[in-house]
Amino acid sequence: MTRRARASLLHRVPPGVKLIVLAVAGTALAFTDSLWAMGAALALTWLGYALARVSNRRLLAVLRPMAWLLAPLFLVQGLMHSWVLACAVVGRIVALVALANLVTVTTTNEAMIAVITRALKPFRVVGVHPAKVAFAISLSLRFLPVIAGLAQEVRDAQRARGLGNNPLALALPLLVRTLRMAGDVTEAIEARSMEDEDDDVDAPRVQPAGHARTASPPSASASSSIATVSRSS
Amino acid sequence: MSTFFTRTTTKDVVYIALFAALTAALGLFPPIAVPLVGIPVTAQSMGMMLAGALLGAKRGGLSMLLIVLLVAIGLPILSGGRGGLGVFFGPTAGFLLSWPVAAAVIGALHERAWTTINPVKSFLFCFLGGIVVSYAIGVPWASVNTGLSLMETATGSLAFVPGDMLKAVLTALAVVSIRRAFPGLHQTA
């Protein structure tokens with residue numbers, strides 16, 4: 001509900017259109033070093049953030065991890081080539097990263113998954129199964145928290161044994177448990193008679209929550225994303 | 001490579017998804033500073049090497065392609081909580097995009113030598129795929145993105161090589177131990 005209440009014009013633009021705009025902007029800016037073009041792109045992107053009522057904090061969250069690369073880049077470009085070029089190059093990266101981030105922020109994950117599954121349909125002829133891709137996406141979303149929990153567990157256990165700083169002591173149990181879990185999950189899915197055939201027109205409607213021993217109960221967000229995936233195709 | 005064009009079974013999809021999840025989870029570990037260089041290194045690209053080495057060319061490559069998709073969808077799964085389409089316009093995007101190819105190369109090499117694998121071989125394979133192939137895609141991308149020459153970009157990227165070597169060593173040691181526990185890993189059922 002809160003998302004709906006905050007939905008702006010940009011939130012309602014179809015994701016496909018936003019992606020095309022992003023692709024066009026990316027291509028156009030790649031062919032120019034003009035400071036005017038970069039300035040215009042930055043201004044328009046900033047206007048987009050204002051229009052979408054997205055806080056600048058969301059923007060900083062993406063740019064800050066890049067800062068340690070962009071700062072030396074600016075210095076190297078400026079000292080070895082020209083400061084105008086340094087401004088253009090860094091301006092282009094900041095503008096495109098900000099614009100791309102705006103597309104991400106104003107599009108739900110579900111809508112983006114739907115776009116990807118739709119875009120994959122033509123590749124069916126070369127053996128790509130959009131339903132299997134959607135299933136892989138929801139499976140990985142479902143098991144990311146499980147494996148992150150496993151990693152934490154292994155870390156705590158090895159720390160108690162005084163092996164907290166030994167990367168192999170952390171990696172090996174995590175890998176063994178992940179591989180075992182893969183076997184269990186496969187069995188669970190096959191036991192629920194998910195068709196292992198090539199003619200899967202529909203997305204699998206099985207929730208991979210069945211292996212009781214290794215996994216915690218499915219979180220609301222993961223199961224809802226699985227539901228969305230099955231509905232969208 | 002012989003398994004490359006066979007159909008993807010449920011088991012394959014599960015392995016692909018779980019190793020993508022594992023790679024994402026590795027990004028949650030805080031970065032450690034590599035001795036001598038001091039640049040923070042995350043465990044995440046070890047996920048790429050492990051996926052290739054343990055799942056083989058097809059499944060390893062696809063699981064890294066899944067990582068790329070998850071980032072594109074907007075999930076903050078890369079180290080430091082990065083994610084979303086913005087990542088694809090930054091200077092390091094080429095390295096992310098190289099992961100599917102690098103994992104496939106590592107996988108193809110490991111599949112061929114799986115019965116006689118030892119830490120030295122495995123390290124060499126991880127070095128070839130995870131460093132040579134990955135940098136061969138990542139460095140030119142960074143060069144175009146930043147407007148710096150190939151030489152300048154390559155010199156700058158050298159700072160990350162020690163960290164990646166360390167990850168290749170760890171992967172090789174892990175792969176050999178895992179083979180003892182799961183000898184039939186590369187026989188796609």
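All chains are named by letter (A, B, ...) in the order of the sequence lines, taking the proteins before the strands, and each is independently numbered beginning at 1.
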Go through the atoms of [X] and report whether side chain, backbone, both or neither lie under 4.5 Å from a heavy atom of chain A.
X: B:Leu54; answer: side chain
X: B:Leu148; answer: both
X: B:Phe19; answer: side chain
X: B:Leu70; answer: side chain
X: B:Leu65; answer: neither
X: B:Leu62; answer: neither

From [atom1] ([X]) to [atom2] ([Y]), nearest 0.5 Å:
X: B:Leu18; Y: A:Arg142; atom1: CG; atom2: CZ; answer: 10.0 Å
X: B:Phe182; Y: A:Arg180; atom1: CZ; atom2: CZ; answer: 5.0 Å
X: A:Asn101; Y: B:Phe89; atom1: CG; atom2: CZ; answer: 11.5 Å
X: B:Leu22; Y: A:Thr178; atom1: CG; atom2: OG1; answer: 5.0 Å
X: B:Leu66; Y: A:Ile137; atom1: CG; atom2: CD1; answer: 6.5 Å

Residue that, paired with B:Ser177, satisfies side-chain contact (heavy atoms from CB on, under 4.5 Å) out of A:Leu172, A:Leu175, A:Val176: A:Leu172
CH2/A:Trp46: more than 12 non-hydrogen atoms of other groups inside 6.0 Å: no
Which bit of [X] is near chain B, if near means a heavy-atom gap under 4.5 Å: side chain, backbone, both or neither?
X: A:Leu19; value: side chain
X: A:Leu179; value: both
X: A:Ala171; value: side chain

Counting C-beta onward and ignoring hydrogens, is there a side-chain heavy-atom pair between [X] and [Y] closer than 4.5 Å?
X: A:Thr186; Y: B:Val13; result: no
X: A:Arg64; Y: B:Arg82; result: no
X: B:Phe88; Y: A:Leu96; result: no
X: B:Leu85; Y: A:Leu102; result: no
X: B:Leu75; Y: A:Leu144; result: no
X: A:Ile116; Y: B:Ile73; result: yes
X: A:Val97; Y: B:Val87; result: no

Keeping [X] on the side-chain end and [Y] on the backbone end, is there a donor-acceptor pair under 3.5 Å?
X: A:Lys132; Y: B:Thr8; value: yes
X: A:Glu190; Y: B:Thr10; value: no
X: A:Gln77; Y: B:Thr146; value: yes

Identify which of [options] forms the greatest number of heavy-atom pairs closer than 4.5 Å to chain A.
options: B:Ala25, B:Ser63, B:Ser79; value: B:Ala25
options: B:Ile178, B:Ile67, B:Thr171; value: B:Ile178
options: B:Leu28, B:Leu26, B:Leu69; value: B:Leu69

Identify the heavy atoms of [X] and [Y] that sit nearest to each other, and give their distance.
X: B:Pro91; Y: A:Met66; result: CD-SD, 4.4 Å
X: A:Ile147; Y: B:Ala21; result: CD1-CB, 3.9 Å
X: B:Ala17; Y: A:Ser140; result: O-CB, 3.4 Å
X: A:Thr104; Y: B:Gly84; result: OG1-CA, 3.5 Å

Leading residue by heavy atom contact count with chain B [cutoff under 4.5 Å; candidates A:Val89, A:Asn109, A:Leu170]: A:Asn109
